[in-house]
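Have a look at the structure below, then the notes.
None of these values were measured; they are calculated from a predicted model.
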Amino acid sequence: MTGDTGLRLEGQRAEQAAAAARLQHQQRTGLGPDGEQPSVVRLLTAPAHWEHVRSVLAYVAEHTPLPGPEARLLTLMLTLRIAHSGTGNLVGQDITGLGLADPEGLVEELAGCGWLVLPGTVGDLLASRPENPTCLTVPSLTPREDAPSPFEFGKKTRSKLSSWAQKAVGDKKLRKTKATAPVRLLALTLAAQTSTDGDLGPGGEGITLNDLTSWCPVEPGDLQQLVDRLVAADWLAEAHLTGTHLTGQLTERVLPLTCPHPR
């Protein structure tokens, strides 16, 4: 209107900045372009929750007391149940439903090295039911004056994160295909490492094998069979494994379980 070139350029920059802000908001929240209905209704809706999931994955990767993917999965699930106070109630199905080859032996090892404290025997834990759960303690997660909690989220958020993980590893098609613990751990890991549309990796550019095997501790040569199992379980729509990266996309049915990276 004024013919002022400077004002016109300033307005164009403001318009571009607004468009970028809208796009970032859509990617963080899953909202569609109209801003009214989410394109994906996720179990964890807040971007902060997605970052908390990744913080727990990173913490467990550094603090799992035993080697191997089975110990990593069990430690991760227990951490999510116990993270806020250092204690939490579990029943036998919480352990036996993870696809572990020897759940009793693994729990005994975690107790034997001091990471986990049981009020009774491992047999008592595995036999416990919802009406009589077993209270477990993880000393390293119990807040003290000289050692506060390693996590910044509260009790309500902890419960949401734990429910998310339980739904992911207990997915009906993973159960139907009798997925092993390494397969379930990889499924959960991939759900936390996607773009908004479910492409693997931040921005959908894939996940490096170094990163992947740090979260899911398996030999690189074993990854292909685990990936094939996830394709067969309709968890991955497509996947391409090279010597350096895993690329692909999660299926539409598991998008509600994803925790996207912000772009």
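A 4.5 Å side-chain heavy-atom check between Pro260 and Arg42 finds at least one atom pair inside the cut-off. In this structure the side chain of Thr79 reaches within 4.5 angstrom of the side chain of Phe151, judged on heavy atoms. Between Val107 and Leu118, the closest side-chain pair of non-hydrogen atoms falls below 4.5 Å. For the pair Ser128/Val91, a side-chain contact is recorded, criterion being any heavy-atom separation below 4.5 Å from C-beta on.
Side-chain atoms of Arg229 come within 3.5 Å of backbone N or O of Lys178 as a donor-acceptor pair. Between the side chain of Trp215 and the backbone N or O of Ala58, no donor-acceptor pair lies under 3.5 Å.
Distance check, rounded to the nearest 0.5 Å: OG1 of Thr194 to CH2 of Trp50 gives 8.5 Å. Leu98 CG to Leu174 CG: the interatomic distance, rounded to the nearest 0.5 Å, is 11.5 Å.
The minimum heavy-atom distance between Lys173 and Asp234, with the atom names listed, is NZ-OD2, 3.2 Å. Between Gly86 and Thr142, the shortest heavy-atom contact is CA-OG1, 3.6 Å. Thr251 and Ala237 get closest at one heavy-atom pair: CG2-N, 3.3 Å. Smallest separation of non-hydrogen atoms from Trp164 and Leu257: NE1-O, 2.6 Å.
Between Asp211 and Ser214, the side chains place no donor N or O within less than 3.5 Å of an acceptor N or O (distance only, hydrogens not considered).
Evaluation of the ring-ring contact (aromatic ring centres under 6.0 Å, His included) test over residues 61-101, restricted to residues two or more places apart or in two chains, returns Tyr59-His63.
Every residue two or more places apart in sequence or in another chain that forms a side chain to side chain contact (heavy atoms under 4.5 Å, CB included) with Pro143 is listed here: Ser149.
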